Amino acid sequence: MAKKKPTARAASRAAAQKKSPARKTASKITNKTAAKSSARKKLKAKARTVPAVKRARPKQRIAISHYRDEDFKADGLRAYAHYRDLGVAAASNGLAQAHVIRLIGPCNPAEVSKLHFHDVEFQMVYVLKGWVKTYMEGQGETLMKAGSAWTQPPRIRHLIMDYSDDVELLEVILPAEFKTVELAT
């Protein structure tokens, strides 16, 4: 089959498009975009040549902790709680901390309901048994039961309002060492 020769009308349409102001503008925009794109590529290439500073993570080891009632100690942050260290702080060289907290009942709101925050990077709490009623800034009051979990953003103001006599919590915090600031209410 022979190829058809373009008609005069098709040829004139093509010529008109080449001379069209809209086409010239589109061409300029495409050229500018290409220039910007190549400039970005050059900047990215320069950025890649600078070696990224990697924060060295401390060497970690395995931590194994088996339940023993005698491992709960009254040596933690709060006088109304006993803590069972799970060995994570030592095993991670201070990268994180994990412990089981047993709040001592009955709850005394005058002692426990103190607004405070922790200067941490990450904090997560999981209710192992019992229940705890908390207040967190921006969230309000929340009742957490066995199986409930929550995270607390860094420096969020919070307090414990009430808890059951048998409550136990698993808490994971980064870093292992941190400041707690009590606030006047």
Side-chain angles (χ1 to χ4, degrees), residues 44 47-185:
K44 284 183 183 177
R48 282 189 212 127
T49 59
V50 178
V53 177
K54 240 185 178 179
R55 194 171 94 191
R57 293 220 180 246
K59 187 170 174 79
Q60 297 179 38
R61 61 179 177 77
I62 296 169
I64 297 173
S65 177
H66 298 285
Y67 177 84
R68 293 181 336 149
D69 200 52
E70 61 268 21
D71 289 339
F72 283 90
K73 309 278 187 226
D75 61 355
L77 182 63
R78 304 282 177 222
Y80 55 86
H82 291 172
Y83 298 81
R84 179 177 148 230
D85 180 40
L86 300 179
V88 173
S92 67
N93 284 308
L95 180 67
Q97 175 186 137
H99 49 236
V100 176
I101 305 170
R102 184 182 283 167
L103 301 178
I104 308 305
C107 177
N108 177 358
E111 183 182 7
V112 304
S113 297
K114 295 182 180 171
L115 192 63
H116 64 283
F117 69 82
H118 307 291
D119 194 9
V120 297
E121 293 176 35
F122 175 81
Q123 183 176 10
M124 192 264 328
V125 183
Y126 180 86
V127 182
L128 296 166
K129 67 181 190 177
W131 57 267
V132 62
K133 187 175 185 182
T134 66
Y135 165 82
M136 288 179 277
E137 187 175 53
Q139 177 68 30
E141 295 178 15
T142 306
L143 179 64
M144 305 291 188
K145 300 176 188 173
S148 299
W150 72 96
T151 59
Q152 292 182 178
R155 300 177 63 95
I156 189 170
R157 297 166 186 235
H158 64 282
L159 57 85
I160 292 175
M161 300 177 74
D162 197 4
Y163 56 81
S164 65
D165 292 349
D166 65 340
V167 69
E168 286 189 10
L169 312 167
L170 169 65
E171 184 176 52
V172 178
I173 304 169
L174 280 86
E177 297 293 323
F178 60 91
K179 288 183 194 171
T180 295
V181 178
E182 287 197 7
L183 304 164
T185 52

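Since this is a predicted model, take the numbers as computed values, not measurements. Scope of the values below: all heavy atoms of this structure, side chains included, with no hydrogens, waters or symmetry mates.
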Legend entry - Minimum side-chain heavy-atom gap Val167-Met144 below 4.5 Å: no
Inset, instruction - For Gln152 and His118, test the side chains for any donor-to-acceptor distance below 3.5 angstrom and give the result as yes or no. - result: no
Legend entry - Nearest-0.5 Å distance, CG of residue Leu103 to CG of residue Asp166: 10.5 Å
Inset, instruction - Side-chain contact test, heavy atoms from C-beta onward, threshold under 4.5 Å: evaluate it for Tyr163 versus Val112 and give yes or no. - result: yes
Inset, instruction - Just grab all the salt bridge (charged side-chain N to carboxylate O under 4.0 Å, His left out) pairs involving residues 171-183, residues at least two apart or on different chains. - result: Arg78-Glu182
Inset, instruction - Look at atom NZ of Lys145 and say whether more than 12 heavy atoms of other residues, nucleotides or ligands are closer to it than 6.0 Å. - result: no
Legend entry - Set of residues satisfying side-chain hydrogen bond (donor to acceptor under 3.5 Å, both in side chains) with respect to Asp71, sequence neighbours excluded: Arg68
Inset, instruction - Return the minimal non-hydrogen interatomic distance between Ala79 and Glu111, and the atom names on each side. - result: CB-OE2, 4.0 Å
Legend entry - Matching residue for Leu170 among Leu86, Val125, Ile101 - test: side-chain contact (heavy atoms from CB on, under 4.5 Å): Leu86
Legend entry - Gln97 vs Val172, side chain to side chain contact (heavy atoms under 4.5 Å, CB included): CA-CA, chis, key distance, verdict: CA-CA 6 Å; Gln97 175 186 137; Val172 178; over 6 Å; no
Inset, instruction - Please report the closest heavy-atom contact between Asp85 and Ser65, naming both atoms and the distance. - result: O-OG, 4.0 Å
Inset, instruction - Mind listing the closest non-hydrogen atom pair of Gly94 and Pro175 along with its distance? - result: O-CB, 3.7 Å
Inset, instruction - Measure the CD1-CE distance between Ile173 and Met124 for me, rounded to the nearest 0.5 Å. - result: 10.0 Å
Let me have the donor-acceptor pairs involving side chains of residues 127-136, under 3.5 Å, with sequence neighbours excluded, atom names and distances please.
residue : atom : partner : partner atom : Å
Lys133  : NZ   : Glu141  : OE1          : 3.4

Legend entry - Results of ring-ring contact (aromatic ring centres under 6.0 Å, His included) for Phe122 - residues two or more places apart only: none
Inset, instruction - For the residue pair Val181 and His116, establish whether any side-chain heavy-atom pair is separated by less than 4.5 Å. - result: no
Legend entry - Qualifying residues under side-chain hydrogen bond (donor to acceptor under 3.5 Å, both in side chains), relative to Ser148, sequence neighbours excluded: none
Inset, instruction - Can you measure from CZ (Phe117) to CD1 (Ile156) and round to the nearest 0.5 angstrom? - result: 12.0 Å
Legend entry - Side-chain donor or acceptor of Thr151 paired with backbone N/O of Gln123 under 3.5 Å: no
Legend entry - Exercise: identify the closest heavy-atom pair between Glu121 and Pro154: O-CG, 3.5 Å
Legend entry - Non-hydrogen atoms of Ala149 and Tyr126 that approach each other most closely: CB-CD1, 3.7 Å
Inset, instruction - Provide the full list of ring-ring contact (aromatic ring centres under 6.0 Å, His included) pairs with a residue in residues 69-114, sequence neighbours left out, each pair given once. - result: Tyr83-His99
Inset, instruction - Give, for atom CG of Leu183 and atom NE2 of His158, the distance between the pair rounded to the nearest 0.5 Å. - result: 10.0 Å
Legend entry - Which atom of Leu174 lies closest to which atom of Ala96, heavy atoms considered: CG-CB, 3.9 Å
